[in-house]
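Take a look at the structure below.
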Amino acid sequence: MKKTLVVLLIVVLVGVGGFAVDQFLYGESVPVVSEVEENERVEKEAEETLEPAAEEKPSDLTGKWTRNILHYTGHLKIIEVTEERFRFSLNVIAGANVGDMEGEATISGDSATFKPSESDCELTFHFSEDIITIEQNDDCMSWGGVGTFFNGEYERGDVKIETDLIEQGVLSETEDHLFREVVGNDYELYLSNFNIYSEVEDNDGLDTKVLTGFVRGIAASNGGIIMINEHYVYAAVTDDHVTRYHSNDPEYKKKLPLTISEWVDGMVLDEVVMENE
């Protein structure tokens, strides 16, 4: 009878939940664990028993990759790809200055490294879908002309740069709209010649914002100047062997403002073509 009562009492205690049988029988303290905590524990144990996932190996690296930055384009070509390594050539520009590097990179998982034997320069290639990101250390700066660098994102394929003077920080949206109306198809000339730019003084008193730009490495032959306010544009840009001048101000369609005339004097090109006459 006593044994029956004990068994019944155990069943009741277990049924109403929360206490283990051995707690009742032996007086041991058993902590109450929630279902969420238990699931987390089981999941953690399962994860710990899994073998480490194999690092993803890059595939289909062969071909052309491009850093699409205006004035700082980079070209990466990869050949002879194996599981362990690949050969590459890397060519970059900063205006007219260039930098070059080539060699064999060692692959490890989803990245690769290159260390030329003759310097402490180190490149790291990180792979992702349709993009290779290159990192460099400071010792790589001496491998090219002034302003060149190898790091950045390289997209698969040839050059495809879409930008404007707004994105380059030269003009506001309102200014850019007016400027396009005045210079027309020569807009791209200004875009390509404003590699480096700065704001200078308006020597004509025309109440304009004045910006001069040039291409790094060939500043005396490749550059431009923009004078602009709410209503008028006065601008000049180099184009091969001539300088093209644009303005929508009737008073200055056939003559240069002093500010632009002084800028022209500092360039190596003598001939000025008046585009809005």
Side-chain angles (χ1 to χ4, degrees), residues 50-164 167-169 188-189 191-197 213-223 238 240:
L50 291 175
E51 294 182 3
E55 290 185 293
E56 182 181 352
K57 297 290 185 182
S59 62
D60 195 25
L61 293 174
T62 303
K64 297 179 181 179
W65 303 78
T66 305
R67 185 179 66 194
N68 291 298
I69 304 177
L70 184 66
H71 306 301
Y72 298 94
T73 309
H75 299 277
L76 170 65
K77 184 178 181 180
I78 294 179
I79 60 173
E80 300 178 16
V81 180
T82 70
E83 287 290 317
E84 295 81 23
R85 58 184 59 84
F86 61 81
R87 294 196 60 79
F88 73 93
S89 61
L90 187 54
N91 312 103
V92 298
I93 65 168
N97 297 332
V98 298
D100 301 282
M101 191 177 294
E102 62 179 22
E104 185 175 88
T106 303
I107 298 174
S108 176
D110 59 356
S111 64
T113 55
F114 169 69
K115 299 179 181 179
S117 58
E118 62 269 33
S119 81
D120 292 325
C121 169
E122 180 175 345
L123 296 183
T124 304
F125 301 76
H126 299 282
F127 311 116
S128 60
E129 186 176 356
D130 293 328
I131 291 178
I132 295 178
T133 303
I134 296 179
E135 295 180 352
Q136 67 177 55
N137 62 12
D138 292 340
D139 292 296
C140 298
M141 299 298 291
S142 61
W143 280 71
V146 176
T148 60
F149 55 93
F150 300 100
N151 55 296
E153 292 188 349
Y154 291 73
E155 302 175 74
R156 185 182 292 279
D158 294 321
V159 176
K160 44 184 181 292
I161 298 175
E162 296 182 5
T163 188
D164 53 29
E167 189 173 302
Q168 296 301 310
E188 293 297 323
L189 280 175
L191 187 59
S192 63
N193 279 283
F194 270 71
N195 172 196
I196 298 175
Y197 65 90
F214 63 89
V215 176
R216 187 194 293 268
I218 46 175
S221 60
N222 291 69
T238 57
D240 290 332

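In terms of modelled atom types and a separation under 3.5 Å, the side chain of N151 and the main chain of Q136 share no donor-acceptor contact. Distance alone, capped at 3.5 Å, is enough to place a donor-acceptor pair between the N137 side chain and the D120 backbone. In this structure, the side chain of N195 does not engage the main chain of H71 through any donor-acceptor pair within 3.5 Å. For the pair T66 (side chain) and G157 (backbone), a donor-acceptor distance under 3.5 Å is present. Formation of a donor-acceptor pair under 3.5 Å by the T82 side chain with backbone atoms of R85 is found in this model. Judged purely by atom type and a 3.5 angstrom limit, T124 has no side-chain atom pairing as donor or acceptor with the backbone of T113.
Side-chain contact between F86 and I107: present, with at least one pair of heavy atoms (C-beta onward) separated by less than 4.5 Å. In this structure, the side chains of H75 and V159 come closer than 4.5 Å at one or more pairs of heavy atoms. Inter-residue side-chain proximity for I132 and L61 is flagged as met; some heavy-atom pair is nearer than 4.5 Å.
Taking CG from N91 and OG1 from T148, the interatomic distance works out to 11.5 Å, rounded to the nearest 0.5 Å. Going from atom CD of E80 over to atom CZ of F88 covers 12.5 Å, rounded to the nearest 0.5 Å. Expressed to the nearest 0.5 Å, how far CD of E155 lies from OG1 of T133 amounts to 10.0 Å. Note that CZ of R216 is 7.0 Å distant from CG of N97, once rounded to the nearest 0.5 Å. Note that CH2 of W65 and CD1 of I134 are 10.5 Å apart. Values are rounded to the nearest 0.5 Å. The distance from the CD1 atom of I131 to the CZ atom of R156 is 11.0 Å, given to the nearest 0.5 Å.
Taking the six-membered ring wherever Trp is involved, the centroid distance between the rings of F125 and Y154 does not fall below 6.0 Å.
Of all non-hydrogen atoms in T238 and L189, the two that sit nearest each other are O-CD2, 4.1 Å. Between G147 and Y72 the shortest heavy-atom distance is O-CE2, 4.0 Å. When all heavy atoms of C140 and F150 are compared, the closest pair comes out as O-CE1, 3.7 Å. Here the closest non-hydrogen pair linking W143 and C121 is NE1-CB, 3.7 Å.
More than 12 heavy atoms of other residues, nucleotides or ligands lie within 6.0 Å of CD in E118, so this atom counts as buried by the packing criterion. More than 12 non-hydrogen atoms from other residues, nucleotides or ligands lie less than 6.0 angstrom from CD of E104.
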Using the rule given for side-chain contact (heavy atoms from CB on, under 4.5 Å), can you reason through E135 versus H126, listing the C-alpha separation, both sets of side-chain angles and the distance that settles it, and then say yes or no?
CA-CA 8 Å; E135 295 180 352; H126 299 282; 3.5 Å; yes
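A tilted orientation is assigned to the rings of F194 and Y197, their planes being inclined by 30° to 60°.
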